[in-house]
Colleague: 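Before I ask anything, let me first share the structure, which is written out below as structure tokens.
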Amino acid sequence: MQSLSETDGLIMFILEIYLLFIPILGRVIATFLCSGEKEVDLAVQSAKAAFKIWRKKSGMERSRILLEAARIIRERKDEIATVETINNGKSVFEARLDIDTSWQCLEYYAGLAASMGGEHVQLPGGSFGYTRREPLGVCVGIGAWNYPFQIASWKSAPALACGNAMVFKPSPFTPVSTLLLAEIYTEAGVPPGLFNVVQGGAATGQFLCQHRDVAKVSFTGSVPTGKKIMELASKGVKPVTLELGGKSPLIIFSDCDIENAVRGAMMANFLTQGEVCCNGTRVFVQREILDKFTEEVVKQTKKIKIGDPLEEDTRMGPLINRSHLQHVLGFIEQAKNEGAKVLCGGDLCVPEDPKLKDGYYMTPCVLGNCKDGMTCVKEEIFGPVMSILSFDTEAEVLERANDTNFGLAAGVFTRDIQRAHRVVAELQAGVCYINNYNVSPVELPFGGYKMSGFGRENGRVTIEYYSQLKTICVEMGDVESVF
Ligand SMILES: NC(=O)c1ccc[n+]([C@@H]2O[C@H](COP(=O)([O-])OP(=O)(O)OC[C@H]3O[C@@H](n4cnc5c(N)ncnc54)[C@H](O)[C@@H]3O)[C@@H](O)[C@H]2O)c1
Ligand SMILES: C[N+](C)(C)CCCC=O
């Protein structure tokens, strides 16, 4: 049974049922049963049975099934995006981009599945050794609510390509779209139970992390929860991947293409209502262009169309829930008290359409006159709030940009190619963008430095996080015993 403290007042746990509120309308659309210890065990056991079949398949066989799943996702893209929008609140325009990076991820790992292998090493006297890259077993994926379908795809695609099974727990705020992914994998031909979904909050997550038949935990969420997951997993000496929060710097030098820098800053702050882990929310602008940049960014921010995210031209929908909305507005109040200036937005927004009156909408906010010590500059807000800071020199901005416990992402806008590479080499962040922000080609690894986590998603390297290496030593002569 879930404890009431986890409900945040939004999803009300009544015995083992919870009520799902949708952000667009601010009302209940469904009820769900939470998975308890028994259901978690059933899911793990069925994944374990499927793993026995799946691990024996060749890479080519796994590849074909993943490609089929990718094809079905592409075919059902609009439907999945609509479900994601209803559940999360992000604009359907953006949700479609999330679905694109999901099927692309499946295609990418389908492409790698057949070429995963070990190496052969010649030893003296004709003896030799070789390595086998083997799956881990039943892996657990635990997701956040901001990119529900994408997170489940980014975790399951490499896991399955490597021959693992996965039990996935989405956030209880966004339980729906992951079920479509499970349905699609089944339709594509994975053995029943290979990708299982359990529903619930912290308690369900804990059962998963503690289960003795779970080989690995891949987690996306906040730093405090990440620490708990690491502690739980350590008891079973299970490897973990942690994709955690951030407070990333975006550095705009005065020699940049200013129109692109403004577009980049908007991409870095306002996707998914600002509820993005890698957002570049500390926008450092070189003093010579501070006024021009700020004026343009405020002008563009005021133009963002807020409203029903299912409408084609809407670019900002509601935040995930009421308590998060209040949390974000609280940061803006505090920023004002600490001396920041609200240049636009930062207010509750009631769209004209009466059916949206109870939704969780706010106007995107740009804060000026920000200083390094302010709370809005130090803490992850996870809402549509951009903090603008000025700087004078490269050395100074690098020091200030790195002065944080987070290290997920960073960006730099400049026309000086030497400076761009010099600066990113010094930035303490797992993902750095030059002259763009928040694009996510699945061919490139994604993940953080410092307290933003470790392990990676996407890219070739992620194979290493979902497999283990076995060494086989083969003797071709007689045993030379020392005894
Ligand atoms: N680095 C990334 O790739 C990435 C991506 C998306 C979101 N995030 C981060 O996620 C956070 C927002 O998401 P959130 O509010 O859903 O995070 P959260 O940490 O509250 O919850 C994440 C998931 O963990 C589960 N959970 C909570 N307590 C648990 C416990 N004790 N044991 C096991 N599972 C538990 C939740 O039910 C949910 O499924 C932000 O900090 C954001 O930066 C990071
Ligand atoms: C697709 N983005 C924008 C890079 C976001 C990745 C997941 C972070 O929350």
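Atoms within each ligand, like the ligands themselves, are counted from 1 in listed order.
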Colleague: Do you see a donor-acceptor pair shorter than 3.5 Å between the side chains of S177 and N87?
Modeller: no
Colleague: Distance alone, cut at 3.5 Å: any donor-acceptor contact between the side chains of Q199 and S35?
Modeller: no
Colleague: Side chain, backbone, both or neither: which part of N146 comes within less than 4.0 Å of ligand 2 when only heavy atoms are counted?
Modeller: side chain
Colleague: So is Q150 in contact with ligand 2, going by heavy-atom distances below 4.0 Å?
Modeller: yes
Colleague: Below 30° counts as parallel, above 60° as perpendicular, anything between as tilted: where do the rings of H327 and F331 land?
Modeller: perpendicular
Colleague: For atom 7 (C) of ligand 2, which protein heavy atom lies nearest, and how many Å away is it?
Modeller: C277 SG, 3.6 Å
Colleague: In the protein, which heavy atom is nearest to atom 3 (C) of ligand 2, and how far is it?
Modeller: Y147 OH, 3.5 Å
Colleague: So if I count the atoms of ligand 2 from 1 in the order they appear, which ones are less than 4.0 Å from some heavy atom of C278?
Modeller: 4 (C), 5 (C)
Colleague: Which protein N or O atoms sit under 3.5 Å from any N or O of ligand 1? Give atom names and distances.
Modeller:
unit_1	atom_1	unit_2	atom_2	d
ligand 1	1 (N)	E243	O	3.4
ligand 1	1 (N)	L244	N	3.2
ligand 1	1 (N)	L244	O	2.7
ligand 1	10 (O)	G221	O	3.3
ligand 1	15 (O)	W145	NE1	2.9
ligand 1	16 (O)	W145	NE1	3.3
ligand 1	17 (O)	S222	N	3.4
ligand 1	19 (O)	S222	N	2.9
ligand 1	19 (O)	S222	OG	2.7
ligand 1	19 (O)	T225	OG1	2.7
ligand 1	31 (N)	Q206	NE2	3.2
ligand 1	37 (O)	K169	NZ	2.8
ligand 1	39 (O)	G143	O	2.7
ligand 1	39 (O)	K169	NZ	2.8
ligand 1	41 (O)	E380	OE1	2.7
ligand 1	43 (O)	E380	OE2	2.5

Colleague: Quick one about Q428 and K450 (side-chain donor to acceptor, distance below 3.5 Å, no hydrogens or angles considered), yes or no?
Modeller: yes
Colleague: Which residue owns the protein heavy atom closest to atom 1 (C) of ligand 2, what's the atom, and how far is it?
Modeller: S440 OG, 3.3 Å
Colleague: Do the side chain of Q210 and the main chain of L232 share a donor and acceptor less than 3.5 angstrom apart?
Modeller: no
Colleague: Do R456 and F446 form a cation-pi contact, if we require the NZ or CZ to be under 6.0 Å from the six-membered ring centre and within 45 degrees of the ring's axis?
Modeller: no
Colleague: Strictly by modelled atom types, are Q45 and D213 linked by a side-chain donor-acceptor pair under 3.5 Å?
Modeller: yes
Colleague: Is the Lys NZ or Arg CZ of K216 less than 6.0 Å from the centre of Y466's six-membered ring, within 45° of the axis?
Modeller: yes
Colleague: In this structure, is the centre-to-centre distance between the rings of F382 and W145 below 6.0 Å?
Modeller: yes
